[in-house]
Enquirer: 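Attaching a single structure in structure tokens format; questions to follow.
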Amino acid sequence: MAQDSPSDKTMVTKCRRSRTSFTEDQLKILVQAFSQNPYPGYTAKQRLAVEINTEESRIQIWFQNRRARHGFLERPKKNLDSSKDHTSPKEKIQDGRDRRCRTSYSSSQLQTLKNAFTENPYPGIDSREQLAEEIGVPESRVQIWFQNRRSRLRIQRKRGLEEASDQRQNQGQDL
DNA sequence: CACCTAACGTAATCATTCT
DNA sequence: AGAATGATTACGTTAGGTG
């Protein structure tokens, strides 16, 4: 019920990615990794992806789903060791959670994405893959781009309405 | 059909880049 | 410092496969 738009009129692109079924061996490795760390960083996810021969985005989804269903019992949050020894400057500053490097889009890539977005803000897997191929970026990045774009458009709209009602209150002074 | 779970959506937030 | 925007998370929903 949270998502309503794609079922309204532009329903033509209904393709989801075909459901991947992990083999027992793959699952074993995933479960094992999860028990060791339910919040793998990017490099860890990448390594797992190679190890079980799947895409990193599948690993990410799997961990998301797993955390949601099995409520592990961990509070990693801001893992900061209490050793504030600034006298050890040659330590690896890798404490910060390792994330995927922020991808930066060229203006032509952005133009393509924006065009596609106005055409259909909810592209199915086929469209996303086609777009990804076209601009030379992984499909998972295209998916994230569309998610962020939709979110920010919604926020913008909401704010627009709020400002409109604000203006109504400030009106009626001059005029 | 019921159950499990991959795929995918939103909302909030973290983090990086740029002005 | 703050605006833009990519990445990650929690949580909820949708849909495919199986007993």
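Numbered from 1 within each chain, the chains take letters A, B, ... in sequence-line order. Here the structure is a predicted model, which means the values were calculated and not measured. Side-chain atoms are counted along with the backbone in the values below, which use heavy atoms only and exclude waters and symmetry mates.
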Enquirer: Can you run down the salt bridge (charged side-chain N to carboxylate O under 4.0 Å, His left out) pairs that involve residues 50-62 of chain A, sequence neighbours left out, and say none if there aren't any?
Expert: A:Arg17-A:Glu55, A:Glu56-A:Arg100

Enquirer: Is the phosphate of B:dC8 approached by A:Arg17 (side-chain N or O, under 4.0 Å from OP1 or OP2)?
Expert: yes

Enquirer: Below 4.0 angstrom from OP1 or OP2 of B:dT10, is there any side-chain N or O of A:Tyr122?
Expert: yes

Enquirer: Round to a whole Å and report the spacing from CZ of A:Arg66 to P of C:dA10.
Expert: 14 Å

Enquirer: Does the side chain of A:Arg141 get closer than 4.0 angstrom to OP1 or OP2 of C:dA7 through an N or O atom?
Expert: yes

Enquirer: Round to a whole Å and report the spacing from CH2 of A:Trp145 to P of C:dT8.
Expert: 18 Å

Enquirer: Please determine whether a side-chain nitrogen or oxygen atom of A:Thr20 lies at a distance below 4.0 Å from atom OP1 or OP2 of B:dA7.
Expert: yes

Enquirer: Determine the contact category for A:Gln143: base if any of its heavy atoms lies under 4.0 Å from a base atom, sugar-phosphate if only primed atoms, P, OP1 or OP2 are that close, otherwise nothing.
Expert: sugar-phosphate

Enquirer: For A:Gln147, does the CD atom sit with more than 12 other heavy atoms under 6.0 Å from it, leaving out its own atoms?
Expert: yes

Enquirer: For B:dT10, take OP1 and OP2 only and decide whether either is under 4.0 Å from a side-chain N or O of A:Lys158.
Expert: no

Enquirer: Using whole Å, what does the distance between atom C1' of nucleotide C:dG6 and atom CD1 of A:Ile135 come to?
Expert: 13 Å

Enquirer: Looking only at heavy atoms, which two atoms of A:Thr43 and A:Asp98 are closest? And how far apart?
Expert: N-OD2, 3.0 Å

Enquirer: Nearest whole angstrom, please: distance from the P of C:dG6 to the OH of A:Tyr42.
Expert: 16 Å

Enquirer: Check this one for me: any side-chain N or O of A:Arg150 less than 4.0 Å away from OP1 or OP2 of B:dA11?
Expert: no

Enquirer: Quick one: do the A:Gln111 and A:Asn115 side chains pair a donor with an acceptor below 3.5 Å?
Expert: yes

Enquirer: To the nearest Å, how far apart are A:Gln64 CD and B:dT5 P?
Expert: 16 Å

Enquirer: What is the distance, to the nearest angstrom, from the CG atom on A:Asn65 to the P atom on B:dT5?
Expert: 10 Å

Enquirer: Got a second to check how far A:Arg149's CZ is from A:Thr118's OG1, nearest 0.5 Å?
Expert: 8.5 Å

Enquirer: Please tell me if A:Arg69 has a side-chain N or O lying less than 4.0 Å from either OP1 or OP2 of B:dC4.
Expert: no

Enquirer: Base, sugar-phosphate alone, or nothing: which one does A:Ser104 contact when heavy atoms must sit under 4.0 Å apart?
Expert: nothing

Enquirer: Tell me whether the side-chain N or O atoms of A:Arg149 pair up with the base of C:dT5 as donor and acceptor below 3.5 Å, since no angle test is needed here.
Expert: no

Enquirer: Is the phosphate of B:dT10, meaning OP1 or OP2, less than 4.0 Å from a side-chain N or O of A:Arg154?
Expert: yes

Enquirer: Any cation-pi pair here, A:Arg99 with A:Tyr42, using under 6.0 Å and within 45°?
Expert: no

Enquirer: Examine the base of C:dT8 for any acceptor or donor lying under 3.5 Å from a partner atom in the side chain of A:Arg100, and report the outcome as yes or no.
Expert: no

Enquirer: Which heavy atom of A:Phe146 sits nearest a heavy atom of A:Asn120, and at what distance?
Expert: CE2-O, 3.6 Å

Enquirer: Please list, pair by pair, any protein nitrogen or oxygen found under 3.5 Å from a nitrogen or oxygen in nucleotides 16-19 of chain B.
Expert:
| unit_1 | atom_1 | unit_2 | atom_2 | d |
| --- | --- | --- | --- | --- |
| B:dT16 | O2 | A:Arg102 | NH1 | 3.2 |

Enquirer: Does A:Trp62 have a side-chain nitrogen or oxygen under 4.0 Å from the phosphate oxygens OP1 or OP2 of B:dT5?
Expert: no

Enquirer: Tell me the interatomic distance from A:Ile61, atom CD1, to B:dG9, atom C1', rounded to whole angstroms.
Expert: 10 Å

Enquirer: Please determine whether the number of non-hydrogen atoms from other residues, nucleotides or ligands lying under 6.0 Å from atom CZ of A:Arg150 exceeds 12.
Expert: yes

Enquirer: Given atom CZ of A:Arg16 and atom C1' of C:dA15, what is their separation to the nearest angstrom?
Expert: 5 Å

